[in-house]
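Here is the structure we will look at, set down as C-alpha cells.
Numbering of residues begins at 1 and proceeds along the displayed sequence. All ligand and atom numbering here is 1-based and tracks the order in the structure.
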Amino acid sequence: MLELVPQEVDVAYEMVGIRQAIDELELQFSRLAATFDKGAYWEQEGSNSPIDWIRFNCHLTSNAAGARIAVGENLGRMAESAQAMQAGEIGFAHLVELARTADAVGKAFDETKLLELARENSPGKFHYKCMHYRHSVDAKAVAEEQAELAETRFLHLNTQDDGGLFITGLLDPVGGALVRNALEPLARSSGADDYRDAPKRWADALVELASSKTRIQMQVTSSVETLLDLVGAPGAETEFSLPISSKTVERWACDSSLSRILMQDSVVIDVGRSERTIKGPRRRALISRDKHCQWPGCERTASKCDGHHVVHWLHGGGGEIENQILLCHRHHWMVHEGCWQLVKTDDGRIVTIAPTVTFGLPRGPD
Ligand SMILES: [Zn+2]
Ligand SMILES: [Zn+2]
C-alpha cells in the first residue's frame, strides 16, 4: 500500500477546491457572455459575430466561446443544475453538455432527468448519455446530424520521394468506429517478444487488413424500438462510437456481417450471427444478374457490393432475389443514411430520387 503523506492529501483537495472556484467563475463568465451575445458591441468592434469577438479577446476557441454563450442562455431552465454545480456535485463541463442538449431538443428538455444522469456520470460519459437522450427525443435529428458529420470526412494519401505513403485524414464517428473495429484485433500486441510500439502495430494492422479477404464483424446493441425508428428510442451502441442512428443499423443489418444484439425492455431477445444475410446460391444468382452496383452509372464490381433489400426485412421484405439489388458501399450509404430513394421501373431500370434535404453539396448520381 502506498502511504500518503499529508502534503499529498492537501495538494489533492486544493486541486478540487481550485477547480470548483474556476467552475464558479466559468458560470459568471457564461452569464456575461450571453448578455454580450445580445448586444451590438462586437459589431462596432468590427467582429463577424459575438463568438468571434470573445474568441479573439478572451483567447478561447470558437467552440469554447459558443459553449459559454449556450450555458448563459440556458441558465433559465438549468437553475437546479447550476446549484448542483455550485455545491460541487457536478462540474462546469456537465453544464455545457446540458446547455448543448437543451439547445438541441428545445421544449423536450427535461432538466430533472438529465441532472440525475449528470450526477452519476463523468462529463465524458455524460456526453454519450445526452446523445442517447437526444436520440430518444428526436431520432431523425440525430440521424441527420450524423449524416452531416460524414461530410467532414477526408483522407490524404501522399506518396513521398522515397516511395513511402504519408496518410492523414478524418473519419466521421460511424466510419471511424468501423475502421477501429477492423484494426483493433489486428493491432494487438502479439506477446512478450512484440517490441513494436502502438503506432507501428496500427500501421501493420492497416496493411494486414488491406491484404485480407475476410469481411469485418461489427457488433451492435440495439433496441427493437430503435430499429423500427420509434419515438422515444435511444440510439444503438457499438464498442467505439457515439450512439448511432437507426439508419446506420438498418444499413448494416441489410446485408453485412453484423452481429446484432436486440433488446426489448432491457432483455436480450435476439442475438444475430455475423454472416451475410444473402448467401449461397441466392447470392450467386444475385451477382450473376446484377454483376455490379445498380446505381445508375456506377460499375463497382460485385465483390465490393452489398445486397440491398429494396424492402427491408424489418418492414416485412423477403429474401427473394426480386427484392434485392447490388449496391456499392457509397451508394448503399446514400440509400439508408442519405435518404435517397430507389425506384424500379416497369422495364427493370433503377431510378434514383434525391432526398428533400441533402447533406453537403447537392449532387446527382455518380
Ligand atoms: Zn440496404
Ligand atoms: Zn455504386
Side-chain angles (χ1 to χ4, degrees), residues 139-140 143-144 146-147 150-151 153 155 172 174-175 177-178 181 215-220 222 224 226-229 235-236 238 244-260 262 270 272-280 282-345 348-355 358-366:
K140 196 164 161 271
E144 281 175 9
Q146 289 194 348
E151 288 304 327
R153 73 197 183 278
L155 189 68
D172 65 279
V174 175
L178 271 179
N181 182 65
R215 276 177 73 86
I216 312 306
Q217 299 189 356
M218 186 72 173
Q219 184 174 302
V220 173
S222 170
V224 177
T226 301
L227 272 180
L228 291 174
D229 234 349
T238 68
I244 50 174
S245 81
S246 57
K247 293 275 175 222
T248 303
V249 182
E250 187 188 273
R251 172 167 58 84
W252 285 344
C254 200
D255 173 29
S256 68
S257 48
L258 168 90
S259 346
R260 63 177 187 275
L262 274 182
D270 173 51
R273 283 195 302 148
S274 53
E275 55 184 25
R276 275 187 186 275
T277 329
I278 309 164
K279 53 186 192 301
R282 234 188 246 164
R283 182 159 206 99
R284 285 196 289 278
L286 177 65
I287 289 172
S288 79
R289 187 197 67 192
D290 286 356
K291 296 183 183 62
H292 54 77
C293 173
Q294 292 302 291
W295 191 275
C298 182
E299 293 186 342
R300 287 263 169 162
T301 51
S303 64
K304 303 269 187 299
C305 289
D306 290 333
H308 168 66
H309 289 72
V310 181
V311 180
H312 201 279
W313 54 264
L314 275 165
H315 306 294
E320 65 278 1
I321 186 171
E322 290 74 26
N323 188 34
Q324 293 161 17
I325 56 165
L326 287 182
L327 286 178
C328 69
H329 168 79
R330 175 166 149 69
H331 290 130
H332 203 195
W333 187 95
M334 284 169 73
V335 171
H336 288 275
E337 286 100 320
C339 299
W340 281 69
Q341 282 182 59
L342 288 182
V343 178
K344 219 172 188 174
T345 60
R349 279 182 313 119
I350 301 287
V351 178
T352 58
I353 302 170
T358 50
F359 305 107
L361 291 172
R363 56 195 300 179
D366 57 6

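Nearest heavy-atom pair across Leu326 and Asp290 is N-OD2, 2.9 Å.
Note: His308 and His332 have perpendicular aromatic rings, judged against thresholds of 30 and 60 degrees for the angle between ring planes.
Side chains of Glu144 and Lys247 form no contact here, defined as non-hydrogen atoms less than 4.5 Å apart.
Between the Gln294 side chain and the His292 main chain, a donor and an acceptor come within less than 3.5 Å of each other.
To the nearest 10 degrees, the angle centred on the Zn ion (ligand 1) between NE2 in His336 and ND1 in His308 reads 110°. Note: angle at the Zn ion (ligand 2), from SG of Cys328 to ND1 of His331, is 100° (rounded to 10 degrees).
When distances to the Zn ion (ligand 1) are checked against a cut-off of 2.8 Å, His332 contributes an N, O or S atom below that limit. Coordination check, Cys298 versus the Zn ion (ligand 2): passed, since an N/O/S atom of the residue sits under 2.8 Å.
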